[in-house]
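Start at 1 with the first residue, then count along the sequence.
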Amino acid sequence: QVQLVESGGGLVQPGGSLRLSCAASGRIFSINGMGWYRQAPGEQRELVASITSGGSTNYADSVKGRFTISRDNAKNTVYLQMNSLKPEDTAVYYCNADITKSINYSRRDYWGQGTQVTVSS
């Protein structure tokens with residue numbers, strides 16, 4: 001009933017840029033916090049960036065100054081602009097959203113399916 005669909009991953013050279021998008025759809029009453037996580041092979045999933053419904057942002061130290069998270073509340077969409085990409089940014093990137101459903105006002109976290117980002121020359 002609620003889905004998060006990500007797009008925008010791919011292969012990019014070091015120093016390049018990518019923009020990830022994540023659109024939420026379904027029986028949504030409201031979306032609270034949204035964020036991006038990533039998981040590299042053999043590593044735990046980690047928070048990359050998050051944004052509140054009011055637009056306050058938080059970033060992992062490793063991406064500060066290079067990545068920018070934003071959201072379009074009218075489109076139920078969150079974005080991650082990634083600049084100056086490094087090989088260590090290679091991972092599967094997952095979208096996360098804290099959503100209240102319209103059908104019963106239940107609230108929980110939802111996850112996207114993940115999109116691969118590979119930074120390599």
Quiz item: What closest approach, in Å, do Ala91 and Ala40 show between heavy atoms, and which atom pair accounts for it?
Solution: CB-N, 3.8 Å
Quiz item: For the atom pair CD (Gln3) and CD (Gln113), what is the distance rounded to the nearest 0.5 Å?
Solution: 9.0 Å
Quiz prompt | Cation over ring face, Arg45 and Tyr94, 6.0 Å, 45° | solution = yes
Exercise. Check the hydrophobic clustering (I, L, V, M, F, W, Y; side-chain heavy atoms under 4.5 Å; chains of links allowed) and say if Val92 and Trp36 are grouped together.
Key: no
Self-check item: Heavy-atom pair with the smallest gap, counting every atom of Leu47 and Ala49
Solution: CD1-O, 3.6 Å
Quiz item: In this structure, which one of Thr77, Val78, Asn96, Ile99 forms a side-chain contact (heavy atoms from CB on, under 4.5 Å) with Leu4?
Solution: Ile99
Practice problem: Give, for atom CG of Asp98 and atom OG of Ser30, the distance between the pair rounded to the nearest 0.5 Å. | Solution: 8.0 Å
Self-check item: Listed partners of Tyr37 passing ring-ring contact (aromatic ring centres under 6.0 Å, His included), at least two apart
Solution: Trp111
Quiz item: To the nearest 0.5 Å, what is the distance between OG (Ser106) and CZ (Arg27)?
Solution: 12.0 Å
Quiz item: What do the steps show when you test Arg66 against Asp89 for salt bridge (charged side-chain N to carboxylate O under 4.0 Å, His left out), and what is the final call?
Solution: CA-CA 11 Å; Arg66 299 188 298 123; Asp89 294 318; 2.8 Å; yes
Self-check item: Verdict with supporting geometry, Ile69 and Met34, side chain to side chain contact (heavy atoms under 4.5 Å, CB included)
Solution: CA-CA 9 Å; Ile69 189 170; Met34 303 183 82; 5.8 Å; no
Self-check item: Thr90 OG1 to Leu11 CG distance, which is reported to the nearest 0.5 Å
Solution: 8.5 Å
Practice problem: Could you please spell out the steps behind the side chain to side chain contact (heavy atoms under 4.5 Å, CB included) verdict for Lys101 and Arg107? | Solution: CA-CA 6 Å; Lys101 291 170 59 176; Arg107 175 178 175 177; over 6 Å; no
Quiz item: Linking I/L/V/M/F/W/Y whenever any side-chain heavy atoms sit under 4.5 Å apart, do Val119 and Val48 land together?
Solution: yes
Quiz prompt | Flag, side chain of Asn76 to backbone of Ala23, donor-acceptor distance under 3.5 Å | solution = no
Practice problem: Indicate the atoms forming the closest heavy-atom contact of Arg71 with Ile31, along with that distance. | Solution: NH2-O, 3.2 Å
Quiz item: Quick one: OG on Ser70 to CD1 on Ile51, what's the gap to the nearest 0.5 Å?
Solution: 6.5 Å
Quiz item: Any side-chain heavy-atom pair from Val117 and Leu18 closer than 4.5 angstrom?
Solution: yes
Practice problem: For the residue pair Ser53 and Asn32, confirm or rule out a side-chain donor-acceptor distance under 3.5 Å. | Solution: no
Self-check item: Single-linkage hydrophobic cluster, 4.5 Å side-chain cutoff, Leu80 and Tyr110 together
Solution: yes
Quiz item: Do the rings of Phe67 and Tyr93 sit parallel, tilted or perpendicular, given the 30° and 60° boundaries?
Solution: tilted
Quiz item: Can you name the closest pair of heavy atoms from Ser84 and Ser17 and give their distance?
Solution: N-OG, 4.4 Å
Quiz item: Is Arg19 positioned over the aromatic face of Tyr79, cation under 6.0 angstrom from the ring centre and no more than 45 degrees off axis?
Solution: yes
Quiz item: Is Glu88 atom CD crowded by more than 12 heavy atoms from other residues, nucleotides or ligands, each under 6.0 Å away?
Solution: yes
Quiz item: What is the minimum heavy-atom distance between Pro14 and Ser121, and which atoms define it?
Solution: CD-N, 3.7 Å
Self-check item: Where Thr115 and Glu6 come nearest, the two heavy atoms and their spacing
Solution: N-OE1, 3.7 Å
Quiz item: Rounded to the nearest 0.5 Å, how far apart are CZ of Arg38 and CE of Met82?
Solution: 9.0 Å
